[in-house]
There are 4 protein chains.
Amino acid sequence: MTTTSANSGRPGTRGAGEGGGRRRGKGTPALASERREHLVKLAAELFAEKGFQATTVRNIAEEAGILSGSLYHHFDSKESIVDEILAGFFNEIMAAYQGVIDEGKNPRDTIADLVRIAFGTLEPHRAAITVMQNDWNYLKGMDRFAYLSKSEDEVEKMWVDTIKAGQAGGLFRDDIDPKLTYRMIRDTVWVAVRWFRPGGRLNAQGLADHYLKVMFDGINTH
Amino acid sequence: MTTTSANSGRPGTRGAGEGGGRRRGKGTPALASERREHLVKLAAELFAEKGFQATTVRNIAEEAGILSGSLYHHFDSKESIVDEILAGFFNEIMAAYQGVIDEGKNPRDTIADLVRIAFGTLEPHRAAITVMQNDWNYLKGMDRFAYLSKSEDEVEKMWVDTIKAGQAGGLFRDDIDPKLTYRMIRDTVWVAVRWFRPGGRLNAQGLADHYLKVMFDGINTH
Amino acid sequence: MTTTSANSGRPGTRGAGEGGGRRRGKGTPALASERREHLVKLAAELFAEKGFQATTVRNIAEEAGILSGSLYHHFDSKESIVDEILAGFFNEIMAAYQGVIDEGKNPRDTIADLVRIAFGTLEPHRAAITVMQNDWNYLKGMDRFAYLSKSEDEVEKMWVDTIKAGQAGGLFRDDIDPKLTYRMIRDTVWVAVRWFRPGGRLNAQGLADHYLKVMFDGINTH
Amino acid sequence: MTTTSANSGRPGTRGAGEGGGRRRGKGTPALASERREHLVKLAAELFAEKGFQATTVRNIAEEAGILSGSLYHHFDSKESIVDEILAGFFNEIMAAYQGVIDEGKNPRDTIADLVRIAFGTLEPHRAAITVMQNDWNYLKGMDRFAYLSKSEDEVEKMWVDTIKAGQAGGLFRDDIDPKLTYRMIRDTVWVAVRWFRPGGRLNAQGLADHYLKVMFDGINTH
DNA sequence: GATGAATGAGAATTCATTCAT
DNA sequence: GATGAATGAATTCTCATTCAT
């Protein structure tokens, strides 16, 4: 039984004590860290820069100063590396989203918080988000990554429900389509990873604020 | 005519006066057989569906019912196929944009028209836009596609100038960033290609209208 | 029955009225000329410049301003083109050699004449000789070109016999090896095609004279 | 040391301070496994026998008992193999030539030594010389092998200077052309690789002596 | 005579992965 | 943990040749 099956199930549920099915997991993943973590980070950078397919296992190994075969001491496969990258990101953002929802603020503040969280991941998870944006189409075709689609659906529900609540409460216009609106918000945020560079004119929160301004009140003068 | 000159240098549009190192190239692309046209279309679908890299030349040939080697009777390389796809799309949209600009309407109406044009390409150029979205990162690294970045810059200028004019004329809020706003609009439109399916609940113009509504006046009630 | 068999037999015997076995020979080869002759010449230039293998049928066709498939109206195959080139050269030189032998001059004058004839082909048969030098190794492996080796043997006999006669008659030193000496002369002449350019400092006969001087009397002062 | 600097820039001899874009290349070629060395030797034999172009990577791999892809563990490309072959030969012969020149003997003895060195490489470097003779025309067209032409020029200078010195010193006839004479010597030696077989009637030094005899004093009786 | 489309066999090369040491 | 050698399957591309029109 390979890692592939170990991964099925949402990232949100992977957390602590799995790893049993790991082929060469020394101890728990938690202890394996250090080196492994480092390799994942290197790989993430390369995947982000060149794309998953265009990045070879050799590229990663070279970056780490070892031979490509040696990578297989740490990972089952190239896929399992990108899996780790994406799962980590999904775990974190979904937990953060859920935290906001659980606070039970009013829909407008909730949406604002969600947007801020999303923009907030742009910097720390730049590589993962880039991979998600650019290689999603390719990865989603693999069984192994079916869980990504599932997670996406859960997230969509959180947002859409909040928007609907906002409409019901008279905070948001009635003549907008909740699902459509969610998608546009989502895409606008993530796609910013293509040009967003930390240290530029605006930081991630500046971006978020700018976007919230436009999204809530439009670009027209009133 | 701006568009025309912007095109010069693009392989996909070399047409008449070439002949040099090119291997193939009797007749201008304009006259190029329907066969060729057909093959480009097939390839576009595959590139859109599976990604440029993941689509093999064999895939394309099989789809056309010929052998992979036979494709090279029509095209120099896999790249030249995708080039033809993208150049066609860029040519068209830039001409359309320029047409709107040349009409000289007020900035708000101009932006609205630009948005409508962009959404309007979603259906007829779905494949090209998908490739542009998903494989941009990979393609932009190749000399051959440098012209895409250049065209992109030209387009950005059209939009940003219009937004600035709108601010100067009191139509648009002063506290939004023109460049940032352009990018968000642009990305929101193109990225919709990932989920937009003609024949769904909303057609492309419905999408455009919805988006204009949100973008101009925001999602808040007032 | 293909051309291949038609060619077996020495070039010297091909002469006028064969061609019966030709697959698409319109009339006799003699009449087919013009166009065909021209194509052979173009091909010869290309073979000489780039090598037989590296020259594609398309190269030749392009040079002639037609499509590659159209070449097959004139020739069976790429091989049959080079065959024609080499056979023509061999026919001519062997006839010339034989003419000299038949004159029955003394061995020293005979050798001198043979050398002059060989150098004399450098210009009119530059392409053929170049092909012979560069692609011999490749071509000799093909059944079709077995006749080249046979012709070579005949030629070798003419020279070696003459050298031996010269030794017997006291004209040439006894302590040189006739076969070895022949080979060195032969190679020295043909290999000159690599750098000999008509119109340079020395013409072909100047070259021949220089070589005869060195060969007969050495480079030492006496 | 002339030879050393002449070599700089040759891929085959890059040795120590590279590392840049190269894919492979731990360790200097000098340390390069015997495995690699062995593969180069196998390839050299095949190139010599069938020609560079006609030898496929599969041929080489089969000869080595591995799969063609596995060759790329050792070499970048087919070209880099032939490069290694030729560079090795050029390195050695140029060093040997330079050694003779540095001895400062009289021109006649120097020329004799150079000739003997050249013939002396016929056996140990048979394959490399054969490749050089047969595939030169093809290889010289590639940027990668530009250094071969340069080395050739350096060698020419050594010989021509020596011949001229011999003329100036009254050892060699004044009425021979130094450059022409050099070329004839050079070609006569190398082209012998086509028929020279170690173990035949004459060994390489026998050949050299025979040639020197003819070259110095001619084939005439005096 | 020529075109244009195609074939089919094979070319060099790439690359994730395996495994004995 | 790492190396070095290899696998094997796939990839893009080439090219002589065929043939209906």
Side-chain angles (χ1 to χ4, degrees), chain A residues 23-24 26 32 35-36 39 53-61 64-81, chain B residues 23-24 26-27 32-33 35-36 39 53-61 64-81, chain C residues 24 26 32 34-36 39 53-61 64-81, chain D residues 23-24 26-27 32-33 35-36 39 53-61 64-81:
Chain A
R23 208 157 122 228
R24 61 186 88 231
K26 42 163 14 198
R35 189 102 180 90
R36 185 191 176 87
L39 293 171
Q53 295 168 87
T55 301
T56 70
V57 167
R58 253 216 274 271
N59 290 153
I60 303 170
I66 56 178
L67 289 183
S68 67
S70 308
L71 267 184
Y72 288 80
H73 268 285
H74 305 278
F75 307 97
D76 272 17
S77 66
K78 194 182 166 187
E79 282 172 34
S80 79
I81 305 180
Chain B
R23 205 170 111 225
R24 177 174 339 293
K26 329 216 57 179
S33 57
R35 186 91 184 97
R36 184 190 175 89
L39 293 171
Q53 296 167 86
T55 301
T56 70
V57 165
R58 254 214 275 279
N59 290 154
I60 303 171
I66 57 177
L67 291 184
S68 70
S70 306
L71 268 184
Y72 289 81
H73 185 60
H74 304 276
F75 306 97
D76 273 14
S77 64
K78 193 181 160 187
E79 281 172 36
S80 80
I81 304 180
Chain C
R24 63 186 86 230
K26 44 164 6 194
E34 291 298 302
R35 189 101 179 90
R36 184 190 178 88
L39 293 171
Q53 296 167 86
T55 301
T56 70
V57 167
R58 252 215 276 271
N59 289 153
I60 303 170
I66 57 178
L67 291 184
S68 66
S70 307
L71 267 184
Y72 288 80
H73 268 285
H74 304 278
F75 306 96
D76 273 18
S77 65
K78 193 181 165 188
E79 282 171 33
S80 80
I81 304 179
Chain D
R23 208 169 110 224
R24 178 174 340 294
K26 330 215 58 178
S33 58
R35 186 89 182 99
R36 185 191 174 90
L39 293 171
Q53 296 167 87
T55 302
T56 70
V57 166
R58 253 212 274 281
N59 290 154
I60 303 171
I66 57 178
L67 291 183
S68 69
S70 306
L71 269 184
Y72 289 81
H73 185 59
H74 303 278
F75 307 97
D76 272 15
S77 64
K78 194 180 160 188
E79 281 173 35
S80 81
I81 304 180

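Excluded from the calculations below are hydrogen atoms, water molecules and symmetry mates; all remaining heavy atoms, backbone and side chain alike, are included. A, B, ... follow the sequence lines: proteins, then strands. Residue 1 opens every chain.
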[N] OP1/OP2 closer than 4.0 Å to side-chain N/O of [X]:
{"X": "His73(B)", "N": "dA5(E)", "result": "yes"}
{"X": "His74(C)", "N": "dA2(E)", "result": "yes"}
{"X": "Tyr72(B)", "N": "dC13(F)", "result": "yes"}
{"X": "Arg35(C)", "N": "dA2(E)", "result": "yes"}
{"X": "Arg36(D)", "N": "dA5(F)", "result": "no"}

Can you check the [X] [atom1] to [N] [atom2] distance for me, whole Å?
{"X": "Ile66(B)", "N": "dG4(E)", "atom1": "CD1", "atom2": "C1'", "value": "13 Å"}
{"X": "Leu71(D)", "N": "dT14(E)", "atom1": "CG", "atom2": "P", "value": "13 Å"}
{"X": "Phe75(D)", "N": "dC15(E)", "atom1": "CZ", "atom2": "C1'", "value": "19 Å"}
{"X": "Asp76(C)", "N": "dT18(F)", "atom1": "CG", "atom2": "C1'", "value": "13 Å"}

I need the [X] [atom1] to [Y] [atom2] distance, nearest 0.5 Å.
{"X": "Leu67(D)", "Y": "Ser70(D)", "atom1": "CG", "atom2": "OG", "result": "5.0 Å"}
{"X": "Ile81(A)", "Y": "Glu79(A)", "atom1": "CD1", "atom2": "CD", "result": "10.5 Å"}
{"X": "Ile60(A)", "Y": "His74(A)", "atom1": "CD1", "atom2": "NE2", "result": "12.0 Å"}
{"X": "Ser80(B)", "Y": "Asp76(B)", "atom1": "OG", "atom2": "CG", "result": "5.0 Å"}
{"X": "Leu71(D)", "Y": "Arg36(D)", "atom1": "CG", "atom2": "CZ", "result": "11.0 Å"}

Task: Taking every non-hydrogen atom, the tightest pair across Ala54(C) and Gln53(D) - done: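 Shortest heavy-atom contact: CB-OE1, 3.3 Å.
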Task: Residue whose closest nucleotide on DNA chain F lies nearer the 5' end, Ala54(B) versus Gln53(C) - done: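 So the residue in question is Ala54(B).
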TODO: Report the residue (Thr55(C) or Lys78(B)) whose heavy-atom-nearest nucleotide on DNA chain F is the more 5′ of the two.
DONE: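 Closer to the 5' end of DNA chain F: Lys78(B).
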If you check the [X] side chain, which of [options] turns out closest?
{"X": "Leu67(C)", "options": "dT3(E), dT3(F), dA6(E)", "value": "dT3(E)"}
{"X": "Thr56(C)", "options": "dT17(F), dC15(F), dA2(F)", "value": "dC15(F)"}
{"X": "Val57(D)", "options": "dG4(F), dA12(E), dA5(F)", "value": "dA12(E)"}
{"X": "Ser70(D)", "options": "dT7(F), dT12(F), dT17(E)", "value": "dT7(F)"}
{"X": "Arg58(B)", "options": "dT11(F), dA6(F), dT17(E)", "value": "dT11(F)"}

- [ ] Check whether any side-chain heavy atom of Ile66(A) lies under 4.5 Å from a side-chain heavy atom of His73(A), and answer yes or no.
- [x]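 Result no, sub-4.5 Å side-chain heavy-atom pair not found.
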Task: Pairwise P distance for dG1(E) and dT21(F), with rounding to whole Å - done: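 Rounded to whole Å, the distance is 23 Å.
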Open item on the list: Applying side-chain hydrogen bond (donor to acceptor under 3.5 Å, both in side chains), can you list everything that pairs with Thr56(D), at least two apart in sequence or on another chain?
Closed with: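 With neighbours one apart ignored, the set is Asn59(D).
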Open item on the list: Please compare Ser68(A) and Ser68(B) by the position of their nearest nucleotide in DNA chain E and report the one closer to 5'.
Closed with: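 This one resolves to Ser68(B).
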Task: Dot-bracket pairing map - DNA chain E, Watson-Crick plus G-U, both contacts under 3.5 Å, | cross-strand - done: .||||||||||||||||||||
TODO: Check every strand shown and say whether Ser77(C) touches a base, only sugar-phosphate, or nothing at a heavy-atom separation below 4.0 Å.
DONE: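 Counting heavy atoms under 4.0 Å across all strands, the contact made by Ser77(C) is with sugar-phosphate only.
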